[in-house]
Enquirer: 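Take a look at this one; I'll ask things after.
One-based numbering, in listed order, for ligands and for the atoms of each. Only this structure's heavy atoms are used, side chains among them; waters, hydrogens and symmetry mates stay out.
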Amino acid sequence: MSAVQLPSTERRKEIEANLADIGGAVQRSSRASSTHPPRLVAVSKYKPASDILAAYNCGQRHFGENYVQELCEKAAELPSDISWHFIGRLQSNKCKALAAIPNLWAVETIDSEAKARKLNDAWGGAGHSRGLNVFIQVNTSDEESKGGVEQHDVEAVARAIVEECKGLRLLGLMTIGSIEGSQQRPNPDFLRLRQLRDDLNAKLGLSLELSMGMSDDFEHALELGATNVRVGSRIFGSRATNATQ
Ligand SMILES: *Cc1c(COP(=O)(O)O)cnc(C)c1O
């Protein structure tokens with residue numbers, strides 16, 4: 001943990017101002033939402049550990065990463081009370097490495113029943129004393145290229161997690177959404193995710209969350225009921241590679 005370089009004063013101030021801005025917008029929307037106050041996940045992929053430490057020193061605790069290797073390295077050198085979210089494409093052969101992270105808080109990208117089981121086994125094998133929060137990633141735009149569970153399969157995956165994966169705690173549904181959808185108001189991907197969530201809650205007697213909204217549309221997502229927003233570039237600046245997976 002001592003190895004992390006401190007951010008420059010200039011960088012620290014920049015991140016502090018961005019976080020105050022985004023955090024303020026999330027807080028303001030929380031007055032309107034009732035059941036869950038929204039959670040801001042600071043997406044730090046490709047950003048150095050010193051940037052994360054700067055945000056951490058402003059009180060930010062939830063961070064999101066897309067790559068298992070990068071997450072493992074950062075988790076090892078950053079404070080242990082960070083709550084890490086894995087938000088990248090989940091590969092079966094990486095479940096074990098992910099599950100070994102002591103302060104992994106959530107995996108937001110469960111995209112099949114098989115991977116839920118795999119992660120459940122890995123989490124059990126790693127000997128944690130608490131459950132691992134998971135979101136089912138949903139392909140809300142029905143585009144073949146998009147990741148996530150098809151809408152008509154979501155209920156089956158949810159049932160498998162709730163009934164058979166005792167190490168996992170189904171926290172909610174997540175979508176990345178399509179580019180076209182993100183240009184519409186209301187965003188049809190967000191509406192679909194919310195409808196699916198409402199249906200599942202009614203059918204299974206759950207109280208699921210909604211992970212939706214990124215830098216360009218988190219405010220809109222909050223208006224539509226997001227409880228978990230994933231914001232990267234508006235906090236840490238643009239990335240060298242603009243991958244969203
Ligand atoms: C990179 C990423 C984000 C953050 O994107 P920004 O536009 O930088 O806010 C959110 N969610 C996922 C799944 C991502 O891969």
Enquirer: Which value, rounded to the nearest 0.5 Å, describes the distance between W84 atom CH2 and L104 atom CG?
Expert: 10.5 Å

Enquirer: Looking at Y46, is its backbone amide N or carbonyl O close enough to the side chain of E70 to form a donor-acceptor pair, meaning the two atoms are under 3.5 Å apart?
Expert: yes

Enquirer: Is D216 close to ligand 1, meaning an N/O of one under 3.5 Å from an N/O of the other?
Expert: no

Enquirer: If you round to the nearest 0.5 Å, how far is CG of L200 from CD1 of I136?
Expert: 7.0 Å

Enquirer: Give me each pair satisfying ring pair (Phe, Tyr, Trp, His ring centres under 6.0 Å) with a member in residues 98-123, each pair once, sequence neighbours excluded.
Expert: H62-W105, H85-W105, W123-H128

Enquirer: Using heavy atoms and a 4.0 Å limit, tell me yes or no: is R239 in contact with ligand 1?
Expert: yes

Enquirer: Determine whether a donor-acceptor pair (N or O, by modelled atom type, separation under 3.5 Å) exists between the side chain of K74 and the backbone of K47.
Expert: yes

Enquirer: Which of the numbered atoms in ligand 1 are below 4.0 angstrom from a heavy atom of N66?
Expert: 14 (C), 15 (O)

Enquirer: Using atom types as modelled and distance alone, determine if a side-chain donor or acceptor of R239 lies under 3.5 Å from a backbone N or O of K45.
Expert: no

Enquirer: Do any N/O atoms on R234 end up under 3.5 angstrom from N/O atoms on ligand 1?
Expert: no

Enquirer: Below 4.0 angstrom from a heavy atom of V231, which ligand 1 atoms are there? Numbered from 1 as shown, please.
Expert: 9 (O)

Enquirer: Run the numbers for me: atoms of ligand 1, each under 4.0 Å from some heavy atom of S215, listed by number.
Expert: 6 (P), 7 (O), 8 (O), 9 (O)

Enquirer: If you count the atoms of ligand 1 from 1 in the order shown, which ones are under 4.0 Å from a heavy atom of R230?
Expert: 4 (C), 9 (O), 10 (C), 11 (N), 12 (C), 13 (C)

Enquirer: Considering non-hydrogen atoms only, spot the tightest contact between E209 and N228 and give its length.
Expert: OE1-CB, 4.1 Å

Enquirer: If you measure from each heavy atom of K45 to ligand 1, is any distance below 4.0 Å?
Expert: yes

Enquirer: Output the list of atoms in ligand 1 that are nearer than 4.0 Å to some heavy atom of G232, sorted by atom number.
Expert: 4 (C), 6 (P), 8 (O), 9 (O)

